[in-house]
Amino acid sequence: MFKTLLTKFTLLTCAIIPLSFAYAADEVNVYSYRQANLVKPLFDVFTKQTGIKVNVVFAKNGMAERLAREGEHSPADILLTTDISRLVELQDKQLLQPVKSIVLETHVPAHLQSSDDTWFALTTRVRNIYSAKRLGNISINYEDLSDPKWQGRVCTRSGKHPYTVALVSSMIAEHGEVKTLEWLKGFKANLARKPQGNDRGQVQAIHQNLCDLSLGNSYYFGKILTNPEQKVWADEVNINFPNQGNRGAHINISGVAMAKYAPNRAHALALMEFLISEKAQQLYAETNMEYPVREGVPLSQLVASWGAFKADNLSLVTIAKHHKNAIKLIDQAKFDL
Amino acid sequence: MISRVNYPIWSITSWLIALALMAPVAVMVFSGLTANSDTLTHLWQTVLPHYVVNTLLLALYVVVLVILFGVPTAAIVSLTNLKTRNVLRWALLLPLAMPAYVIAYLYTDLFDYAGPIQRQLRALFSWQSPNDYWFFDLRTLTGAAVMIALVLFPYVYMLVRTAFEHQDPQLIKAGKSLGLSDKQCFLRISLPLARPAIAVSASLVLMETLADFATVQYFAVNTLTTAVYDTWLEYGELSTANAIASLLMIMVLLSVAAEYRARAHQRHQLSASKEPLTMIILTPIQQIIGNIYCWLLVLAGFIFPFVLLLDMTIQYLDSTEFEQLIQAGMNSLKVSIYAATIASILALFLVLYRRLSGVKRSEVPLLLSGYGYAIPGTVLAMALLATFGPLDHWINDLAVWLNLSKPGLVLSGSLFAVIFALITRFSAIANGTITSGITKIPQSLDIAPESLGVGKLHTVLKVHLPLLKSSFIVAWLLVFVEAMKELPAVLVLRPFNFDTLSTQVYQMISDERLEQGAIGALFIVLFGLLPIIVLNKKEKIH
């Protein structure tokens, strides 16, 4: 009796909540840290190929918490993020499930996937140093950013931005905390202005002669060059691959993982395998100017024109491990203040 | 003293509403109790003192600025014979429609080193580098305060203007007959009478300022909100972040409470006298100064940014995806209408409860339900997930036990969460507006019908509700506008494939290409104009 009453009540409650959504079977649900305009074209191709609809929530922050709170009832199948520490955070919080796939295993290089098969890199990006053309061709190391000869001539975005934090982590791995803090303080002292804006803004600042050097991810340069209004900025600026005489340029990744309680596992796997397919990797290379991880996929013509470079082969997991200490040092150096 | 009848259902419901709206706040505070003290110590030794100072300064600057912007304009429009006052009456409300993050973007774009103004100056005087000349830097604490104040001062203007307009003309007459000048009358009678309105509106602005993240982040100004985000996202410690957010909220509550206590013993009775106020006659010079002051604010807070937006929109019209835009617009409307309607009804309920129950504790639900306003949207969103997540799990477990199919995340994974977040965040506005409406109803009306043997419920239906209609509409509209503009909570809590105008605009701004999202921002502003148009129409009818 009680149970039937309760059933009726529950059914009624569900009926009067018109705010929730129901999802059909041929769908896959994505929580994405990556921006809509970057991944939407990929999803469109996937849907065209397979007939599987891709539902997306884009948000920069809070998706890990949302996933954790949702627990076993979470509708999320796939997580798309940038930055290695975010992927490792998801892995550490046990929000992911291992994925056994020969396709992923074969095409994602071993050092760009987790040892427990929970996450896979899709693209890599370099943390470049941009320099003003007026300086001529220079060879530069990240370490040089603290050299007093650049006093008042360096620009960067916030020290707390994941891209900067990852670079600082790699400095800790190379030089230890004490030296890294010194470096951060010197770097801070060289800044032409308080850290602000995004990587594009720094290129603009060089163009405007506000500074000579700035940190920036590789693909931003490509994006600026293909933007008719911003192209003039890049005309004044060179892209440099730092530390070519020693350990190589710092790289970070964008990656994909399957949610622990993914309700549409088969479709989710199909999407993951699609993202490493030649077609998708080519799209990443062409439209987003990133470095595809799959071997044999050509770089965009523009990115290729920057030439081959030596990448720091520091393990991504090590970078993620130093994340918290990097943040602490950045605060200690009062980098953003 | 006539006894006050209590409806227990009314009282219980009021407390339940307050508890529901308080729940996420309480969850946040409790979570804050488990904060990692090492991280807090580290922050305190490094950046936190700086953040605290910045926060206090930002709050101080904004409050001072909104009072400087809002009170004189209110006085000019309501108490003087300024030539353009009939237009200014509503024009001064326009900045309310402009989201702070949009105006911040537009002005930075304009005044930045790389912006058109400095470029022109450099070309004109052949300056080469920033060392050659001085130009103010907008991306500073002061800059952020000015931006925020420019779009929030209409709150002060609106409430204070109403206070001026409803003051008893007899008091001014009495002052005059005692030999006070116009100026003395204003300073010694009108201004003190408007103090509650100034206090209420300034505290709304204060809360909104402390919860702001988008603007201060864009301006690279580090406040306690920055600390909240850093500890959560970079240090990965949500509970420590909650502790800092709780501190922030307590700071707001203390300042609001202090002000409230300071005027607790004052009794203000606003009158709804039909007799018109005697206008202060301005000299020609005063006319000019008054006009310049008011119109500069309208220009800087609305007209100028609006024209910039319009220009961007036209430039990028070809690349606009109208289908997406319309969808986002519909979504914005949907959640904002839900939020505005529910928040206003709840506010009406709580305000009437306080007024009519007559017991001291009846004030508590009203106060409690407004706390969400002082919490940054994303933090509130996290608290909501923590509140509704477990409830969703129970619902699903229950469904399984009943052999029903699992309903999924009906609370935390649906629009319910988005709308609930908006209500929690903006209840304070609805509460404030309806409270200020009810203070205009003389206390005598509460008991008069009762002494004639009319029941209390009947009194409410026949007397209070009709008199509160206009405040209700204003409350609805204000929450509606704020909900249209609100960003962070919607961003995290939304369901799949769900974009609102503000999330679309934000995505563009965070990629520093507002140009392509300008049309979305324009729509937010246009929707924001609705309340102003309605307010203006209503006044004309009166």
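Lettering follows sequence order; numbering is per chain, from 1.
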Q: Could you state the interatomic distance from CD1 (A:Ile330) to CG (B:Asp230), rounded to the nearest 0.5 Å?
A: 9.5 Å
Q: Pick one of side chain, backbone, both or neither for B:Leu48, based on which atoms fall under 4.5 Å of a heavy atom in chain A.
A: neither
Q: In the structure I gave you, are the side-chain heavy atoms of B:Leu409 and A:Pro75 within less than 4.5 Å of one another anywhere?
A: yes
Q: Side-chain contact test, heavy atoms from C-beta onward, threshold under 4.5 Å: evaluate it for A:Tyr31 versus B:Phe496 and give yes or no.
A: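 A side-chain contact exists here, since the closest heavy-atom pair is under 4.5 Å.
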Q: Identify, with sequence neighbours excluded, every residue that meets side chain to side chain contact (heavy atoms under 4.5 Å, CB included) alongside B:Ala386.
A: A:Arg69, B:Val27
Q: Quick check on B:Glu237 against chain A: is it the side chain, the backbone, both or neither that has a heavy atom closer than 4.5 Å?
A: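 The side chain, not the backbone.
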Q: Which bit of B:Tyr51 comes within less than 4.5 Å of chain A, counting heavy atoms only: side chain, backbone, both or neither?
A: side chain
Q: With a 4.5 Å cut-off on side-chain heavy atoms, are B:Arg122 and A:Gln208 touching?
A: yes
Q: Tell me which of these, A:Val30, A:Leu210, A:Val165, A:Asn209, has more heavy-atom pairs under 4.5 Å with chain B than the rest.
A: A:Leu210
Q: When only pairs under 4.5 Å are counted, which of A:Val54, A:Asp199, A:Val56 shares the most heavy-atom pairs with chain B?
A: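 The option with the most such pairs is A:Val56.
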Q: Other residues, nucleotides and ligands only: do more than 12 of their heavy atoms fall within 6.0 Å of NZ on A:Lys93?
A: yes
Q: If you define the side chain from C-beta out and look only at heavy atoms, does anything of A:His73 sit under 4.5 Å from B:Asp392?
A: no
Q: Considering only heavy atoms, which portion of A:Lys53 lies under 4.5 Å from any heavy atom of chain B: side chain, backbone, both, or neither?
A: side chain
Q: Checking heavy atoms, do the side chain of A:Pro195, its backbone, both or neither come under 4.5 Å from chain B?
A: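 For A:Pro195, backbone heavy atoms alone lie under 4.5 Å from chain B.
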Q: Atom CD of A:Glu27 and atom CG of B:Asn497: how far apart are they, to the nearest 0.5 Å?
A: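 The CD atom of A:Glu27 sits 8.0 Å away from the CG atom of B:Asn497.
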Q: Give every residue pair that meets the salt bridge (Lys or Arg N to Asp or Glu O under 4.0 Å) criterion with at least one member in residues 325-337 of chain A, sequence neighbours excluded.
A: A:Lys160-A:Asp331
Q: Under 4.5 Å from any heavy atom of chain B, what part of A:His323 do you find: side chain, backbone, both or neither?
A: side chain
Q: For B:Ala220 and A:Lys194, work out which heavy atoms get closest and say how close.
A: O-NZ, 2.7 Å
Q: Count the heavy atoms belonging to other residues, nucleotides or ligands that lie under 6.0 Å from CD of A:Glu72, then report whether that count exceeds 12.
A: yes
Q: Give me the atom names and distance for the closest heavy-atom approach of B:Trp232 to A:Glu65.
A: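 What the structure gives for the nearest pair is NE1-OE2, 2.5 Å.
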Q: Verify side chain to side chain contact (heavy atoms under 4.5 Å, CB included) between B:Arg494 and A:Phe58, making sure each step is shown before the conclusion.
A: CA-CA 9 Å; B:Arg494 63 201 165 134; A:Phe58 296 100; 3.7 Å; yes
Q: How far apart are the C-alpha atoms of B:Met382 and A:Arg66, what are their side-chain angles, what is the distance that settles it, and do they pass the side chain to side chain contact (heavy atoms under 4.5 Å, CB included) test?
A: CA-CA 8 Å; B:Met382 291 301 106; A:Arg66 180 165 166 182; 5.8 Å; no
Q: Do A:Glu70 and B:His393 come within less than 4.5 Å of each other through their side chains, counting heavy atoms only?
A: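 A side-chain contact under 4.5 Å is absent here.
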